[in-house]
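The block underneath contains the structure these notes are about, expressed in structure tokens.
The analysis underlying the following values was restricted to heavy atoms, covering all of them including side chains, and did not include hydrogens, waters or symmetry mates. A quick note: this is a predicted structure, and the numbers were derived from the prediction, not measured.
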Amino acid sequence: MANESNIFQELISHCKEYGYIFQSSELYDGLSAVYDYGQNGAQLKKNIRDQWWKSMTQLHDNIVGIDAAIFMHPTTWKASGHVDNFSDPMIDNKDSNKRYRVDHLIEGFAEEQKAIGNEQLANDVLSAMDNLLAKNDFAGLKQLIEDNKIKCAISKTANWTEVREFNLMFSTQIGSVAEESDTIYLRPETAQGIFVNFLNVQKTGRMKIPFGIAQTGKAFRNEIVARQFIFRMREFEQMEMQFFVRPGTQMEWYNFWKEERKKWHESMGIPAEKLRFHDHVKLAHYADAALDIEFEFPFGWKELEGIHSRTDFDLKQHQEYSKKKIQYFDNDLNPEGKPFGNYIPYVVETSVGLDRLVLTILSLAYANEKWTKEDGTEDSRVVLRIPAKIAPTKLAILPLVKKDGLPEIARELMEDCKQSFQCFYEEKDAIGKRYRRMDAIGTPFCVTIDHQSKEDNMVTLRYRDTMVQERIPIAEVKKRVLEKIS
Ligand code: GAP
């Protein structure tokens, strides 16, 4: 575990050094749990988002995509239940003033107990916590913390306040401050933008149930315990799809999407053994079934994506609060030969955090490799083995020297290839150094133009993962890379 945590720290430094992820407003000492994506991180994130969008909309003829606003009418959040229910039980240590999410505090204690061999105690505490959380028994949770003498990591005391709930939504004002202003929220999930547009999309797209609406976009949560780099952020991006189905068929679709989404993660290069399902015991206020697709991050198994059977809760709530009918007329015939008629559709949701996917891909890709060369000397490199189809830069174009007409040939190749995929041109430094830099950025292919290229129109194509080099005609470079990234 110590080694894994070192590797995780190395990955965080690597992300900063190679233009992937920076602390937000680092110039002013940063803002906790908020991050900026640099030139390579932004491109990687876009490539993953594009893959998701394509898999949802282009490859499913019954799913369409929308882009709803972050700001929504405040009643949306009253109807969805977020104003009343979107909160976490928290506890403060009176000596350090540090605030903890109750479940994180107890889980941390259970992990410490496991590490020293008290497996039974750890399991008992965790199952007691699950029961108390399911009943919203705050006094019981405090008692559990006190009975087990769970201490604050900073003050080392067990001097705790009562357990209280804190709403996770950020709020702001709309309209001129001088005039009467209204409190609105920064959306904590993109899903509600889909629900309030259900009728718009269904009618204008003449959509027939079952059908889905997909959306990617920013969401905001005032996470109290924000840690583990981009795993838990206050501003993050979700990729969500709400699939509208006939009531009574929701479990069929829940099982369908559960398998479909796991397959998609595998298609992104995530090994099957690094993914698992975790069924929820405590269901959110809107769900009749829910599970997480978990990934084994360097800090343990954690949620990557949620699959939720949300019943007709959201549409029904919006119908009640807006006082507008939100229904669908199903003219397919039921077993009695009559149309199914009017109903509020049920919903199966798939919801994945884009930032968590970026972290997943990067933690799988990062490798610090050492080997002995044929002459007996040691060599090493740091490489990001990002799957070629989502790597930020696909091809580095490297003239061996910056004279003798080599840059001109390289520029011509660049002009041709950049129409089809992201290229990077570099003529500075020794070629070995340039290869190492491309390995560290995760560029899957490098092409080197040398003096011989002028004679025979052949160039060296180098593969990041194997470091194998081969001579191929310059005219074939684009085709070869396209084959590998498609
Ligand atoms: N619409 C349902 C919904 O929002 P959720 O389980 O709260 O469900 C879905 O969130 C996904 O969003 C999670 O599986 C996770 O990948 C991502 N996510 C949630 N909170 C996050 C945070 N604070 N930082 C980064 N990603 C987060």
Side-chain angles (χ1 to χ4, degrees), residues 1-12 14-15 20-21 33 35 37 41 44-53 55-56 101 103-104 107-108 110-111 114 126 189-190 216 219 221 223 225-233 236-241 254-255 257-281 284 289-308 349-368 383-391 442:
M1 204 64 189
N3 188 30
E4 300 225 320
S5 117
N6 288 347
I7 290 179
F8 189 49
Q9 288 312 317
E10 277 178 31
L11 173 65
I12 296 173
H14 190 85
C15 284
Y20 271 88
I21 300 162
Y35 290 90
Y37 285 83
L44 172 63
K45 196 172 159 193
K46 179 182 181 305
N47 294 349
I48 298 175
R49 189 194 298 113
D50 288 350
Q51 289 290 330
W52 182 89
W53 186 264
S55 82
M56 281 296 176
R101 244 176 79 171
D103 55 336
H104 287 171
E107 278 165 7
E111 262 170 36
K114 273 189 194 156
L126 288 176
E189 61 170 13
T190 57
T216 72
R221 295 183 189 178
E223 301 282 4
V225 185
R227 52 182 179 179
Q228 286 147 342
F229 195 34
I230 56 169
F231 179 79
R232 193 178 304 285
M233 299 152 86
F236 57 99
E237 193 166 334
Q238 288 187 315
M239 304 194 291
E240 298 200 296
M241 193 278 297
Y254 176 75
N255 289 323
W257 283 109
K258 166 182 167 181
E259 298 301 333
E260 191 77 357
R261 292 301 302 145
K262 184 158 178 283
K263 271 191 255 158
W264 183 80
H265 288 294
E266 288 170 26
S267 80
M268 296 293 286
I270 306 175
E273 64 275 14
K274 288 263 183 189
L275 294 166
R276 71 178 187 194
F277 295 122
H278 168 79
D279 290 314
H280 284 203
V281 183
L291 62 87
D292 297 336
I293 299 178
E294 292 187 338
F295 170 71
E296 192 178 16
F297 287 95
F299 40 83
W301 286 96
K302 300 272 176 208
E303 173 182 352
L304 173 60
E305 169 154 4
I307 313 288
H308 310 125
E349 164 184 75
T350 72
S351 173
V352 61
L354 177 51
D355 311 271
R356 282 193 193 175
L357 258 173
V358 170
L359 184 57
T360 299
I361 298 292
L362 287 174
S363 56
L364 283 170
Y366 182 82
N368 193 339
V383 56
L384 286 181
R385 294 170 175 276
I386 300 173
K389 70 175 177 183
I390 50 171

_Let me confirm one number: the CG-CG distance from L384 to L364, rounded to the nearest 0.5 Å._
11.5 Å
*asked:* Checking the side chain of Y254 only, and the main-chain atoms of A290 only, is there a donor and an acceptor separated by less than 3.5 Å?
replied: yes
_To the nearest 0.5 Å, what is the distance between CD1 on I48 and OG1 on T216?_
12.5 Å
*Closest approach of Y366 and E10, non-hydrogen atoms and distance?*
OH-OE1, 2.9 Å
_With D355, the side chain to side chain contact (heavy atoms under 4.5 Å, CB included) member among M233, Q238, R232_ = M233
_Which atom of L362 lies closest to which atom of C15, heavy atoms considered_ = CD1-SG, 3.7 Å
*Can you tell me how far the CD1 atom of I390 sits from the CG atom of D50, to the nearest 0.5 Å?*
11.0 Å
*asked:* Ignoring hydrogens, what is the shortest heavy-atom contact between I361 and P387? Give both atom names and the distance.
replied: CG2-CD, 4.3 Å
*asked:* Within the 4.5 Å heavy-atom criterion, are W257 and M241 side-chain neighbours or not?
replied: yes
*H278 vs H280 aromatic rings, parallel, tilted or perpendicular, using cut-offs 30° and 60°?*
tilted
*pair I7-N368: side-chain heavy atoms closer than 4.5 Å*: no
*Within a strict 4.5 Å, meaning less than it, do heavy atoms of the M239 and L357 side chains meet?*
yes
*Run through E260, E259, E266 and flag the one making a salt bridge (Lys or Arg N to Asp or Glu O under 4.0 Å) with K263.*
E260
*Nearest-0.5 Å distance that lies between atom CD in E240 and atom CD in E189*: 5.5 Å
_Could you check whether any side-chain heavy atom of W52 comes within less than 4.5 Å of a side-chain heavy atom of M268, counting everything from C-beta outward?_
no
*Rounded to the nearest 0.5 Å, how far apart are NZ of K274 and CG of L304?*
13.0 Å
*Which is it for F231 and F229 under the ring-ring contact (aromatic ring centres under 6.0 Å, His included) test, yes or no, and what are the steps along the way?*
CA-CA 6 Å; F231 179 79; F229 195 34; over 10 Å; no
*Can you tell if the side chain of D292 reaches within under 4.5 Å of the side chain of F277, non-hydrogen atoms only?*
no
*Got a second to check how far E294's CD is from R276's CZ, nearest 0.5 Å?*
4.5 Å
*Between L359 and Q228, is a side-chain contact (heavy atoms from CB on, under 4.5 Å) present by the stated rule, with each step listed?*
CA-CA 10 Å; L359 184 57; Q228 286 147 342; 5.9 Å; no
*Any side-chain heavy-atom pair from K258 and K262 closer than 4.5 angstrom?*
no
*Using a 4.5 Å cut-off on heavy atoms from C-beta on, say whether the side chain of K302 contacts that of R356.*
no
*K114 side chain reached by L126 side chain, heavy atoms, under 4.5 Å*: yes
*Among V352, T190, L354, find the one that has a side chain to side chain contact (heavy atoms under 4.5 Å, CB included) with E237.*
L354
*asked:* Using modelled atom types and a 3.5 Å cut-off, is there a donor and acceptor pairing between side-chain atoms of N47 and backbone atoms of A391?
replied: yes
